[in-house]
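Remarks on the structure that follows.
Both counts, for ligands and for their atoms, begin at 1 and track the order of listing. Keep in mind that the numbers below use all heavy atoms, side chains included, and drop hydrogens, waters and symmetry copies. A quick note: this is a predicted structure, and the numbers were derived from the prediction, not measured.
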Amino acid sequence: MDSIVVKGGQPLSGQIQIAGAKNAALTLMPATLLSEEPLTLTNAPRLSDIKTMTALLQSLGVEVTAMKDGNVQVLSSHALTSTTADYDIVRKMRASNLVLGPLLARHHQAVVSLPGGCAIGARPMDIHVTALEALGAEIELKDGYLHAVAKGGLKGAKVALRFASVGATENVLMAATLAKGTTVIENAAREPEIVDLVKCLRAMGAQIEGEGTSTITVEGVDRLGAASHAVVTDRIELGTYMLAPVFAGGEVECLGGRLDLVGSFVEKLDAAGVSVTETQAGLKVSRANGRAKAVDVTTEVFPGFPTDLQAQMMAMLCTAEGTSVLEEKIFENRFMHAPELVRMGAQIEVHGGTATVHGVDRLKGAPVMATDLRASVSLILAGLAAEGETIVSRVYHLDRGYEHVEEKLGAVGAQIERVTG
Ligand code: UD1
């Protein structure tokens, strides 16, 4: 298993190109199931999660052609051979459940294994199921699989989500594009990846209004066509690399970065005394003299502070001046990085969904273990600031969501290498 070795203490300087969003690509790819005609995605990220989604779609009969080293994906669902998403693939990644809505919409049936993915809480599927049932689907759980049918096709309806789940909003949105009549999704998720999905569906011919707000209205159409769509910038990769100079010192410009994607995160950086400036090409971050200041952070649905940046922010606050309180409101059990950071000298107390971080002067390098995708990158960031060498093992989690992390950080001056084996 590969590990990443980081030697701390090197200030950074230069530019980092931010990739297309993993979480957008993982919902855009299954959108191909809604149409017989090809869907071309540009600015696709090159990640193991994308390979997993490719394998899942291929197992359904989708033709997937990757071009430009995987940066461009052409997907064609003209001849599907299966409507079953098998456990062997689904267990690797929760986002596999995003084939459920499109398969039901176009093929009126789907059998989808209950998902796996990061071990960050229970992550059930009840909101997806209730929403699709509101559109007329009959769904049963048998042998670990959701068996869904929509005899005569889905019908538009009012769907009120009990929580603004990102995945459930995406599933019901895709399903509603081919349902008969009007669907109104209330308490819809407002994440930029939802807005990106709507842009793509609209390019395919869907009739949708209200994306980016809590109420999305979909007017069902008979069929969707071909489209080409550029995947939105990855706001989580953006936030992660924006933090790199805060750990290591120096200045980094994140190319493709936009303030509207990371508003609540930038507010917290500002409160911590970190300077962020907009440039023509993106966002530039530099650490002012001295340590960052402690700030309290609560994770929330968009436009609140993203749970996917909580681990990285916690790592940053380990050496901030003062005490910070982090509250995790989206996932239970999402502080698995805390004990690893403590191994590096951090002072953190976790009680349920709250972590209290007492800032220390310096972290010290140590062998640590990645436990999930965002936890693993938080340990690499911590290593940039630590005295000595940090060895992060089990980095397969990292490869699910960050392309060439060692190259991107190495190019701006970090001492970082991947050790294979
Ligand atoms: C997506 C992102 C993930 C991010 C999360 C929250 C993708 C591929 N993944 O995950 O990176 O951390 O949004 O921003 O886009 N829940 C239920 N029942 C359901 C569905 C969800 O109880 O039917 C709960 C989950 O257990 C969790 C919370 O709702 O506690 C948020 O989940 P959700 O918004 O659905 O996240 P995902 O779409 O899985």
Check your understanding: Do any nitrogen or oxygen atoms of F331 come within less than 3.5 Å of a nitrogen or oxygen of ligand 1?
Key -> no
Exercise for review: Provide the number and element of each atom of ligand 1 under 4.0 Å from a heavy atom of G167.
Suggested key: 35 (O), 38 (O)
Exercise for review: Sorted by first residue and then second, give each salt bridge (Lys or Arg N to Asp or Glu O under 4.0 Å) pair with at least one member in residues 51-80; sequence neighbours left out.
Suggested key: R46-D69
**Study point:** Summary of salt bridge (Lys or Arg N to Asp or Glu O under 4.0 Å) pairs that have at least one residue in residues 161-175, sequence neighbours excluded
**Key:** D126-R162
Review point. Would Q310 count as a contact of ligand 1 if the rule is a heavy atom under 4.0 Å away?
Key: no
Practice item. Could you tell me whether the side chains of N43 and H229 share a donor-acceptor contact shorter than 3.5 Å? Key: no
Practice item. Quick one: look at T27 and ligand 1, take heavy-atom pairs under 4.0 Å, and tell me if it's side chain, backbone, both or neither. Key: neither
Point to revise | E209 atom CD: more than 12 heavy-atom contacts under 6.0 Å | key: no
Check your understanding: Numbering the atoms of ligand 1 from 1, which are under 4.0 Å from a heavy atom of D308?
Key -> 3 (C), 4 (C), 11 (O), 12 (O)
Practice item. Could you check which of R162, E332, M125 puts a non-hydrogen atom nearest to atom 22 (O) of ligand 1? Key: R162
**Study point:** Cationic N near anionic O, under 4.0 Å, E211 to R190
**Key:** no
Study note, to complete from the structure: Note: V166, heavy atoms under 4.0 Å from ligand 1, region reported as both
Review point. Out of G401, G304, S165, A189, whose heavy atom is nearest to atom 35 (O) of ligand 1?
Key: S165
Point to revise | NZ/NE/NH1/NH2 to OD/OE distance under 4.0 Å, E278 and R258 | key: no
Point to revise | Short N or O distance, I330 and ligand 1, threshold 3.5 Å exclusive | key: yes
**Study point:** Proximity of A95 to ligand 1 by residue part, where a heavy atom lies under 4.0 Å
**Key:** side chain
Check your understanding: Quick one: does E193 get within less than 4.0 Å of ligand 1, heavy atoms only?
Key -> no
Exercise for review: Heavy-atom distances under 4.0 Å are what count here, so tell me which part of H128 touches ligand 1: side chain, backbone, both or neither.
Suggested key: both
**Study point:** Distance in Å, K180 NZ paired with D222 CG, rounded so as to fall on 0.5 Å steps
**Key:** 8.5 Å
Point to revise | Distance-only N or O hit between ligand 1 and R374, under 3.5 Å | key: no
**Study point:** Proximal atoms of ligand 1 relative to T307 (non-hydrogen, under 4.0 Å)
**Key:** 6 (C), 12 (O), 14 (O)
Study note, to complete from the structure: Under 4.0 Å between heavy atoms, the region of F163 that gets near ligand 1 turns out to be side chain
Review point. Does P124 have a non-hydrogen atom less than 4.0 Å from ligand 1?
Key: yes
Exercise for review: Kindly assign one of parallel, tilted or perpendicular to the pair Y241 and Y402, based on the angle between their ring planes and the thresholds 30° and 60°.
Suggested key: perpendicular
Exercise for review: Taking only heavy atoms of D126 into account, list the atoms of ligand 1 that are under 4.0 Å away from them.
Suggested key: 17 (C), 18 (N), 19 (C), 22 (O), 23 (O)
Review point. So how far is it from S76 OG to L39 CG, rounded to the nearest 0.5 Å?
Key: 10.0 Å
Practice item. Could you see which bit of K22 sits under 4.0 Å from ligand 1, with heavy atoms only: side chain, backbone, both or neither? Key: neither
Review point. Just checking, any donor-acceptor pair under 3.5 angstrom between side chains of E328 and T307?
Key: yes
Review point. So which bit of K329 gets within less than 4.0 Å of ligand 1, heavy atoms only: side chain, backbone, both or neither?
Key: neither
Check your understanding: Under 3.5 Å, is there a donor-acceptor pair between the H147 and E138 side chains?
Key -> no
Practice item. For Y145, look at atom OH and say whether over 12 heavy atoms of other residues, nucleotides or ligands are found less than 6.0 Å away. Key: yes
